[in-house]
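Read through the structure below, which is laid out as C-alpha cells, and then see the notes.
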Amino acid sequence: VSQSRYACAGFIALTRFGAFFGMDPAIQDGVVRFSTVLSLSFLPTFLIPLLRVELQARGHSHDTTIAFLLGNLLNVFLNWALTYGHAGLPSLGLIGSAWSNVISRIGILAFLLLRLRRAKKIHPFQIKISQIPWLLRIKTILRLGTPTSLQMFFEIGAFILVGTLASSFPPPENAAHAVAISIASFLFMIPAGMGSAAALTMSRALGEGNPETCQELGSKTLRYGVVYAFFGSLFLFLFRGALLEFFARDPETLLIVVS
C-alpha cells in the first residue's frame, strides 16, 4: 500500500513535466486528468503480479489467463460505454477511458483474490512461514531480479520516453505515433507471452534436473518466435490498410502511419 501511494504521487507529478519536453498544453491537460484517475488503480497494479505468481506456484496458472481475459473484455465494454455514452452510462470522453481501466483492474484483482482463496484450500503449502530462510531468499531474489528489473526499466522506459517526446509533434503526427505504437504493442504481447511461458517451463525443467528438456523447450520457443515474426510481418504487409483504418480515419494521420 505504501509503495502504491508513493508511485501514485510520483506518477501524477511526472505528468506535470510535459512542458519540459515541449508537450502541447492541450495534450498535457488531458494527460494530467487521465493520469490522475488512472493512478487510483496503482494498488491493484502492484498486487496483481504477486497474486499471479502465487497462483502459478500453486498450479493454477489458468486462473490468471481467465482473469485477464475477463478483465480485458470488461475494459473494452466500459471504454465503449463510458467514452461514448452507451448502455445508459454517461459520456465521459477521455476520463471515461481512464475509469474503465481502473474498474477493470480492480475486477481482475478481485477475481484473483477469490481464486487464490480457493487455491489455498486445494493446494496448501506444506512449509511453515517460520521455516523459510528469509534473508537467503531475499538475497536470491535481488540477485536474480535486479538484471530483469533493469532490463524492463530500460525497455519500457524507452517506450515512455519516445511517447513523451512525440507529444511535442503536431496532432496528426502524434496520433500516427500512437497508432504505430498500439499495433507494435499488440503484436509484442504474443512473443512476450511465449517468452514468459518458456521461462516458467524451462525453470521447472532445470529444477527437476532435466537439462535436456530445458534445452528442447528453449529451441522450440526460438523456432516458434521466428515463425511468428515471419507471419506477423506478412500480416502487417498484406492487411496494413484495413488494420490502420481500424485505429484512425483521418487521411493525413493514415498517410503518416504508412510512411
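In what follows, every heavy atom counts, from backbone to side chain, and hydrogens, waters and symmetry copies are set aside.
- In plain terms, the two heavy atoms of Ala119 and Leu55 that are nearest each other are CB-CD2, 4.0 Å.
- Put simply, Leu150 and Ile141 are part of two different groups of oily side chains (I, L, V, M, F, W, Y) that touch within less than 4.5 Å, one to the next.
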Side-chain donor-acceptor contacts of residues 82-96 below 3.5 Å, not counting sequence neighbours, with atom names and distances?
{"unit_1": "Thr83", "atom_1": "OG1", "unit_2": "Asn79", "atom_2": "O", "d": "2.7"}
{"unit_1": "Ser91", "atom_1": "OG", "unit_2": "Thr83", "atom_2": "O", "d": "3.2"}

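- Met189 and Tyr224 fall within the same hydrophobic cluster, defined by Ile, Leu, Val, Met, Phe, Trp and Tyr side-chain heavy atoms under 4.5 Å apart, directly or through other members.
- When the side chain to side chain contact (heavy atoms under 4.5 Å, CB included) test is applied to Phe235, the partners found at least two apart in sequence or on another chain are Phe239, Leu243.
- Separating the CG atom in Leu113 from the CZ atom in Phe111 is a distance of 11.0 Å, to the nearest 0.5 Å.
- Counting Ile, Leu, Val, Met, Phe, Trp and Tyr side chains that sit under 4.5 Å apart, directly or through other members, Leu142 shares a hydrophobic cluster with Ile138.
- At distances below 3.5 Å, at least one donor-acceptor pair connects side-chain atoms of Ser104 with backbone N or O atoms of Asn101.
- Within the 4.5 Å cutoff, no side-chain heavy atoms of Thr221 are placed close to those of Thr201.
- Annotation for Val37 and Val102: closest pair O-CG2, 3.3 Å, computed over non-hydrogen atoms.
- Atoms OG1 and CG, on Thr65 and Leu69 in that order, are 8.5 Å from each other to the nearest 0.5 Å.
- Each of Leu47, Leu43, Thr45 was evaluated against Leu109; a single residue qualifies, Leu47, per the side-chain contact (heavy atoms from CB on, under 4.5 Å) test.
- Using a 4.5 Å heavy-atom cutoff, the side chains of Glu54 and His60 are not in contact.
- Leu136 and Trp134 fall into different hydrophobic clusters, where Ile, Leu, Val, Met, Phe, Trp and Tyr side chains are chained together by heavy-atom contacts under 4.5 Å.
- Looking at heavy atoms from C-beta onward, Phe68 lies in side-chain contact with Asn72 at the 4.5 angstrom threshold.
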* To do: Under the side chain to side chain contact (heavy atoms under 4.5 Å, CB included) rule, what do Leu74 and Leu70 come out as? Steps first, then yes or no, please.
  => CA-CA 6 Å; Leu74 177 62; Leu70 295 177; over 6 Å; no
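- A pairwise comparison of heavy atoms in Ile48 and Arg105 identifies CD1-O, 3.7 Å as the closest pair.
- Within the model, atoms CZ of Phe231 and CG of Leu238 stand 11.0 Å from one another, a figure rounded to the nearest 0.5 Å.
- No single ILVMFWY cluster, assembled from side-chain heavy atoms under 4.5 Å apart, contains both Met194 and Met202.
- Closest approach of Ile106 and Pro44 over heavy atoms only: CG1-CG, 4.0 Å.
- Contact check for Trp99 versus Leu78: no side-chain heavy atoms found under the 4.5 Å cut-off.
- Taking hydrophobic clusters as Ile, Leu, Val, Met, Phe, Trp and Tyr residues chained together by side-chain heavy-atom distances below 4.5 Å, Ile190 does not share a cluster with Val226.
- Atom CG of residue Leu40 and atom CZ of residue Phe42 lie 10.0 Å apart, to the nearest 0.5 angstrom.
- Taking both residues in full, the closest heavy atoms of Ser100 and Ser97 are given as OG-O, 2.5 Å, listed atom of the first, atom of the second, then distance.
- Taking the side chain as every heavy atom from C-beta outward, Gln215 and Glu212 never approach each other to under 4.5 Å.
- Without hydrogens or angle criteria, Tyr228 side chain to Leu187 main chain gives a donor-acceptor distance under 3.5 Å.
- Looking at every heavy atom in both residues, Pro211 comes nearest to Leu206 through CA-CD2, 4.3 Å.
- A 4.5 Å side-chain heavy-atom check between Leu116 and Leu112 finds every atom pair outside the cut-off.
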